[in-house]
Student: 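If you scroll down you'll find the structure; I have some questions about it.
In this text the structure is predicted, and so the values were computed from the model without any measurement. Quick note on labels: first sequence line is chain A, next is B, and so on, each numbered from 1.
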Amino acid sequence: MKRYYITTPIYYVNSAPHIGTALTTIVADACARFQKQRGREVYFLTGTDENAPKVHRVAQERGVPTQQFVDEMAEVFAHTWRALHIEYDVFIRTTEARHTRVVSEVFRRLREQGDIYKGSYQGWYCIACETFFASSKIDQSRTCPDCSKPLEWRDEPCYYFRLSAYEARLREHILANPQFVQPEVRRNETLGFIGEGLQDVAVSRTGADWGVPVPDDPDSGVVYVWFDALLNYLTATGWLERGENYLDTWPPDLQLMGKDILPRFHATIWPAMLMALGLPLPERLYGHGWWIVNQQKMSKSLGNVYAPLEVAQSLAQASGCEQPYAIDAFRYYLLREMPTDSDAEFSLEGFEARYNGDLANDLGNLLHRTLSMMHRYFGGRVPQDARVDASIADLFAQQAARVTEAFEAVDYPRGLREAWQIIGAVNRYYDEQAPWTLMKQGNAERAGQVLYAGLIAARLLSGLIEPVMPQVARAIAQQLNLSAVPCWSDATVMNAIPSGHLLQEPTPIFPRLQTKTKTPTEAQAAPAATPTPLKEPKPMPEPITIDDFKRLQIRIATIKAAEPVPKSNKLLKLTLDVGGEERTIVAGIAEDYAPDQIVGKQIPVLVNLQPALIRGIVSEGMMLAADVDGKAVLLHPDRAVPSGSVVR
RNA sequence: GGCGGCGUAGCUCAGUUGGUUAGAGCAACCGGUUCAUACCCGGUAGGUCGGCGGUUCGAGUCCGCCCGCCGCUACCA
């Protein structure tokens, strides 16, 4: 069977990876892993685009030999992808000899058969954008309409690719194959673009000394970077080197990219080139939307470019989440919020909300509560004859099918929503069945039955989320003490964990992020979403200044009264004297101290904490106490001091 | 100017071919629960579905016009 061939674009090495290129690559990785989970052999290609004149210039500006510059940048990309758990099979670089051979050969063949012909080109050219502009688009300043950099006048002999000859065939192919260009918006856009009439495109450039030379015509400069770049997808299959064997990989099953390079390049020039070569076309081209930050496009000049690893890193540091799981959390966020038709908003707040809500509270907590009960009630062993109730087993199967369908359609937001339905269903199931009550009633058999459904759900989820969060999937499998993450078809097998199977002790995979509550004024005053700077990683752990400390107002308070908060187990309502002023605070110490035990005692209290409503009581401060394995131990002054004494 | 798309709850978004009281998640509020990571479950509130008009027994959904935003593209300067 042919390998499932999946590609990302090759990335420009001029700037480091950001959340946009990370999205494309992570989507590709998820698709690749999804196919592998389903048993397909996969060939996953990514790489770097190094044959652009712009690359040469940037290297010169930095005073670095160009080859060294591209070597270093290629390594930055490869390193970033590996760190993001991207499991690519090939990392192609357009400076590789095998690629330049392919480019030369394709150029020669098309020239011989008349699809490439010689003409000349005149116009204003932007080196940064690799684009010519019609003189009507240019004003007096002669700067690029897109990037505002100065334009160069070019008048050069030039080879053209006869794109116009393929206009009709391209249109027919797109019309006859709805899956060829996706999503629908991009397909319409492409048809619109073709409908306006395709012009032959220049495929060589003179005046550049970096790139693949035009074969057999040294005076004609180098092959146009787009023509060169697109062919990387062919090179990577071993076309030209492996005889007919390249067909074990070719054509691509799925080519992913940002929406900007789909209609005009991947859906027109690229298939036309393949038609000219007489090669089968890619099965499916998918262009996702872009991230916007604070309603604006990401751009270096705006300083709102996020570096993927640093975003994940800062989450790890803020939450205490282990690095690999923080990386997976980042992958989850990008895929859960992935822009499809239009652009979507990226924000650290959104990331944190997904982390706490979906990952810590839902996925992490479900696993944790299930394993905790298994250990508490059954010594961590799967009870005899446990089976999943038919009703909930049906739901598992149905949701798994929906996830499959959505992932197949590259709709990760939907697929993940469907997967999370399983979590909600088990939480509700626990609530209805209340295994903790069953245990108190002595019905251990039924309780085991109920919890077994949770175990099977966790096992199923580890399989379903593997494409999105591979390391987390592994961690779940480990806590379940399974030898591996189940593959797609195996994951849906019910009752797959045998009786007597010993489970691991649970440890939280996603420690909850303590959210800093902001007052509305603070939220306004704070600079909107301080992006992680690309070049200067935040030093962590970040020391605070004495001024930061001085913002905390801590005083010694005398406890005047204490009473349990109704309908709570852990809370005491304390009435305090903080120096002529009375305060009410709610403290979570009821399990460790009785109310009459602490009345009259003196404790330090953070008095300028924003009030919070807890169980209907306004808590106006926070008691400070030592935390000993989760138990509160009160702190008292060495001798009695006046209420309200400042602690510093 | 043309083409395509978008505008739905405070926020992020779903809404199949027009069909009963317009949905989800988060945030808010209230209640329940205690196995669990201040968790989970339930409920409440919150929308003139950008505006106006039309077709229809019935419009978030179809048509027209307008407003705002985005993408592509043209032309004039």
Student: Distance check needed: B/A36 P versus A/Met439 CE, whole Å only.
Tutor: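 About 13 Å, once rounded to whole Å.
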Student: For the side chain of A/Ala344, counting heavy atoms from C-beta on, which of B/C41, B/C13, B/C35 is nearest?
Tutor: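 Looking only at side-chain atoms, A/Ala344 lies closest to B/C13.
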Student: Does a side-chain N or O from A/Arg512 land closer than 4.0 Å to OP1 or OP2 of B/C39, or not?
Tutor: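 Result: yes.
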Student: Distance check needed: B/G4 P versus A/Arg186 CZ, whole Å only.
Tutor: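 The answer, rounded to whole Å, is 15 Å.
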Student: Between B/C62 and B/U16, how far apart are the two P atoms, rounded to whole Å?
Tutor: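 It comes out at 9 Å once rounded to the nearest Å.
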Student: Between C1' on B/A27 and OH on A/Tyr355, what's the gap in Å once rounded to a whole number?
Tutor: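 Taking OH of A/Tyr355 and C1' of B/A27, I get 20 Å after rounding.
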Student: Picking from B/U37, B/C35, B/C40, which would you name as closest to the side chain of A/Asn427?
Tutor: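 That would be B/C40.
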Student: How would you label the contact of A/Asp358 with the nucleic acid (heavy atoms, under 4.0 Å): base, sugar-phosphate, or nothing?
Tutor: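 Here A/Asp358 touches no strand at all.
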Student: Which nucleotide sits closest to the side chain of A/Glu189: B/U33, B/G71, B/C40?
Tutor: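 From the listed options, B/G71 comes nearest.
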Student: Across the strands shown, which category fits A/Ala360 at heavy-atom distances under 4.0 angstrom: base, sugar-phosphate, nothing?
Tutor: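 The residue A/Ala360 makes base contact.
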Student: Please report the shortest heavy-atom distance between A/Asp358 and A/Arg336, naming the atom on each side.
Tutor: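 Shortest heavy-atom separation between A/Asp358 and A/Arg336 comes out as OD2-NE, 4.2 Å.
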Student: Suppose we define a pair by two distances each less than 3.5 Å, Watson-Crick or G-U wobble; what does B/C40 pair with here?
Tutor: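 Across all strands, the one nucleotide that pairs with B/C40 is B/G32.
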Student: May I ask you to say whether A/Asp362 pairs ionically with A/Arg354, meaning some side-chain N is under 4.0 Å from a carboxylate O?
Tutor: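 Not counted as a salt bridge, because no side-chain N and carboxylate O are separated by less than 4.0 Å.
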Student: Between the side chains of A/Arg171 and A/Glu167, is the shortest nitrogen-to-carboxylate-oxygen separation below 4.0 Å, so that they form an ion pair?
Tutor: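 Between A/Arg171 and A/Glu167 there is a salt bridge, with a charged N closer than 4.0 Å to a carboxylate O.
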Student: When you measure from the side chain of A/Asn365, which nucleotide among B/C35, B/C39, B/G25 comes out closest?
Tutor: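 Selected nucleotide (nearest to the side chain): B/C39.
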Student: What is the distance, rounded to the nearest whole Å, between atom CG of A/Leu262 and atom P of B/G5?
Tutor: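 Distance check: A/Leu262 CG to B/G5 P gives 17 Å.
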Student: Given B/G25, B/C40, B/U34, which nucleotide is nearest the side-chain atoms of A/Arg354?
Tutor: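 Within the option list, the nearest is B/G25.
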Student: Distance check, C1' atoms only: B/A9 and B/U33, in whole angstrom units.
Tutor: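 Per the computed distance, 28 Å lies between those C1' atoms.
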Student: To the nearest angstrom, how far is A/Leu359 atom CG from B/C40 atom C1'?
Tutor: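 After rounding, the gap between these two atoms is 16 Å.
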Student: Looking only at side-chain atoms of A/Ser372, point me to the closest of B/C40, B/U37, B/C35.
Tutor: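 Of all the options, the side chain of A/Ser372 is nearest to B/C35.
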Student: Whole-Å distance between B/C40 P and A/Leu366 CG?
Tutor: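 Between P of B/C40 and CG of A/Leu366: 10 Å.
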Student: Among B/U12, B/U34, B/C40, which nucleotide has an atom closest to any side-chain atom of A/Glu337?
Tutor: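 For the A/Glu337 side chain, the nearest candidate turns out to be B/U12.
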Student: To the nearest angstrom, how far is A/Glu432 atom CD from B/U33 atom C1'?
Tutor: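 Checked: the CD to C1' distance equals 13 Å.
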Student: Tell me the interatomic distance from A/Ile194, atom CD1, to B/C3, atom C1', rounded to whole angstroms.
Tutor: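 Spelled out: CD1 on A/Ile194 to C1' on B/C3 is 15 Å.
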Student: With heavy atoms under 4.0 Å as the rule, sort A/Pro435 into base, sugar-phosphate or nothing.
Tutor: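 The residue A/Pro435 makes no contact with any strand.
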Student: Identify which nucleotide among B/U37, B/U73, B/C40 has an atom closest to any side-chain atom of A/Phe510, counting heavy atoms from C-beta outward.
Tutor: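 For A/Phe510, the side-chain atoms sit closest to B/U37.
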Student: Measure from the side-chain heavy atoms of A/Tyr377 and tell me the nearest of B/C35, B/U37, B/C40.
Tutor: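 Within the option list, the nearest is B/C35.
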Student: Answer with base, sugar-phosphate or nothing: what part of the nucleic acid does A/Gly364 contact at a heavy-atom distance below 4.0 Å?
Tutor: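 Touches a base.
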Student: Quick one: do A/Glu189 and A/Arg186 make a salt bridge, cutoff under 4.0 Å?
Tutor: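 Yes, A/Glu189 and A/Arg186 are salt-bridged.
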